[in-house]
Amino acid sequence: SQLDSENNTVIIIFGMTKSFRRRLFYFLFLIFLITGTGLVVYSRGWRVDLANFTIQKTGGIYILTKPKEVDVQIEAENKSVENKPGILRNGILIDGLLPKTYKIIIKKDGYLPWQKQVEVNPELVTELKQIILIPQNLKFQPVLAQTAVAKDFWPLSGNQIVFQDDKGGLYYLDYLQNKSQKLKGTKFIAGDNYGKKIITYDNSSKNFYLNDSSDPKSVLNINLIFKNIWDRETDKSFSKVKIGDIFIHSYKADNIFLSTNQGLYIIDTKQSELIEITDKNLSGEAYIFDLSNFYFADQESLWVYNLILKSKNLLVEMPNVAKLAISNSHKYLAFLQENGDFYLIPSFELGGKPQKISGGVKEFSFSPDSNKIAFWNQKGNLNLYFPEEYYYYGGFKKEKGDDVNLAKFSDLRKMIWYSDSGHLTVQDERGIYFIEIDDRPPINKYFLADEVQNFSYDFSGEFLLLKDGAF
């Protein structure tokens, strides 16, 4: 100690011994080691699970919604995250989550909530990218003039439709260009891929007509053309010929297919030629086009007709086929028999064999991405079949051959895939529903509208709905 004579105070100086300094160094080094290790462990995604008294690697959840700017709630964590879009940010990433199942609730003012139980795995990000929020109060913009009353409509291509008014008249309508044209006939039959050629039937004259939406004066009487060519090129009586169905060539709108009691024919309306595909009757509505082939079924077998080479080949012997469909990938051909047996032919162009998927089926449809088939049966069950392994990054995984029940309805009437291949729009006797295909509970199903006469989507994904005689 030292004496400060000026202030009459005693100054005490403590000296640190060598052993004390060593112990202090070790103590501080230990704190640094523990803190540094903790920071490294934390930065690498490890967290303490207090519920199980363990240290676990964390995962995360990435969420992308339509619309954006939503509120995301994670019930198990009791936290809420707001998603605000930016120039480089479309969705929201929630990281640092312990591996377990979380209940995710997504909300936005003016919209119905969306929720899902999502499993988070260590070192992985569970993605939820096909989330569509539905407005609480749907607002529909009128397509037709207020004075027009529609009885039904049929989508063509893009923003073009054919509609029938309450007096039975048929009209072509381009509702974006505000262009309309009255068609000859009282019943819509078919349209081409471009919305230009439209086939109708007239109940009074009992004739089929080929209308041209770009030229109101260009109307061809298909019955008359067929009769003239028939009389010229065959020695059979045309009086015995009965036309059952008519459809337009996939890429030659001037070529028309006619299904008759005498067989299946192609009429070239420009060259005035008749081509016989088969002398047998078609089975129901079992026919479909792709770019270069026409697939059809008679009462005994499935056939393919090459539109370029004009040759016919047997696909498979299968009686009483009621409906055919081809996936957009051209990898699968599916067909439905009259008794409700539903079959799939994988790699059908390479000689694949039919595989029975289910029985008692009433209707089916391929998803736009060709990876799924939606179908409903006579019991009202809406199911999803996976023809191949399907893995949607983030936990929604299905094995080849999986059959998933999405919902049950008392009286299903129509089903259309939404463009994202992740949702279905269906109609029953009560109205229209929008359903997601992700079967992790709960399956989000939304009621859109009641007392709907018909519905469809246009090329941009806009929803067309006919209700109370108006779009």
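Fair warning: this is a prediction, and the values are worked out from it, not measured in the lab.
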Q: Supply the atom-to-atom distance Ile416 CD1 to Thr425 OG1, rounded to the nearest 0.5 angstrom.
A: 7.0 Å
Q.
Give me the atom names and distance for the closest heavy-atom approach of Gln355 to Pro346.
A. NE2-CG, 3.6 Å
Q: State which residue, out of Ile248, Leu307, Ile266, fulfils the side chain to side chain contact (heavy atoms under 4.5 Å, CB included) condition with Asn255.
A: Ile266
Q | Contact list for residues 187-199, test side-chain hydrogen bond (donor to acceptor under 3.5 Å, both in side chains), sequence neighbours left out | A | Lys197-Asp212
Q) Between Arg430 and Asp428, is the closest basic N to carboxylate O distance under 4.0 Å? A) yes
Q) Distance under 6.0 Å and angle within 45° of the ring axis: does Lys445 meet both against Phe409? A) yes
Q) Would you say the side chains of Asn454 and Lys414 form a donor-acceptor pair under 3.5 Å? A) yes
Q: Please determine if Arg413 and Asp411 form a salt bridge, counting it only when a charged side-chain N lies under 4.0 Å from a carboxylate O.
A: yes
**Q.** Heavy atoms of other groups near Lys107 NZ, more than 12 under 6.0 Å
**A.** no
Q) Thinking salt bridges, do Asp71 and Lys108 make one under a 4.0 Å N-O criterion? A) no
Q.
What's the separation between atom OH in Tyr385 and atom CZ in Phe342, rounded to the nearest 0.5 Å?
A. 9.0 Å
Q. Parallel, tilted or perpendicular for Tyr390 and Phe386, by the 30°/60° rule?
A. tilted
Q: Just jot down the salt bridge (Lys or Arg N to Asp or Glu O under 4.0 Å) partners of Glu388, sequence neighbours excluded, or say none.
A: Lys331
Q: State whether the side chain of Gln160 and the backbone N or O of Ser157 hold a donor-acceptor pair below 3.5 Å, judged by distance alone.
A: yes
(Q) Is the ring pair Phe247/Phe289 parallel, tilted or perpendicular, if the boundaries are 30 and 60 degrees? (A) perpendicular
Q. How are the rings of His249 and Phe257 set to each other: parallel, tilted or perpendicular (split at 30° and 60°)?
A. tilted
Q: Determine yes or no for a side-chain-to-main-chain donor-acceptor pair under 3.5 angstrom, with Asn178 supplying the side chain and Tyr175 the backbone.
A: no
Q | Polar side-chain atom of Asn328 near backbone of Pro368 as donor-acceptor pair, under 3.5 Å | A | yes
Q: Determine, for Lys116 against Glu436, whether the closest basic-nitrogen to carboxylate-oxygen distance falls under 4.0 angstrom.
A: yes
Q. When you measure from the side chain of Thr101 to the backbone N and O of Glu119, does any donor-acceptor pair fall under 3.5 Å?
A. no
Q: Flag this pair as yes if the NZ/CZ of Lys323 is under 6.0 angstrom from the six-membered ring centre of Phe364 and inside a 45 degree cone about the axis; otherwise no.
A: yes
Q. By salt bridge (Lys or Arg N to Asp or Glu O under 4.0 Å), which residues pair with Lys280, not counting sequence neighbours?
A. Glu300
Q) Hey, what do you get for CG (Leu406) to CG (Leu382), rounding to the nearest 0.5 Å? A) 5.0 Å
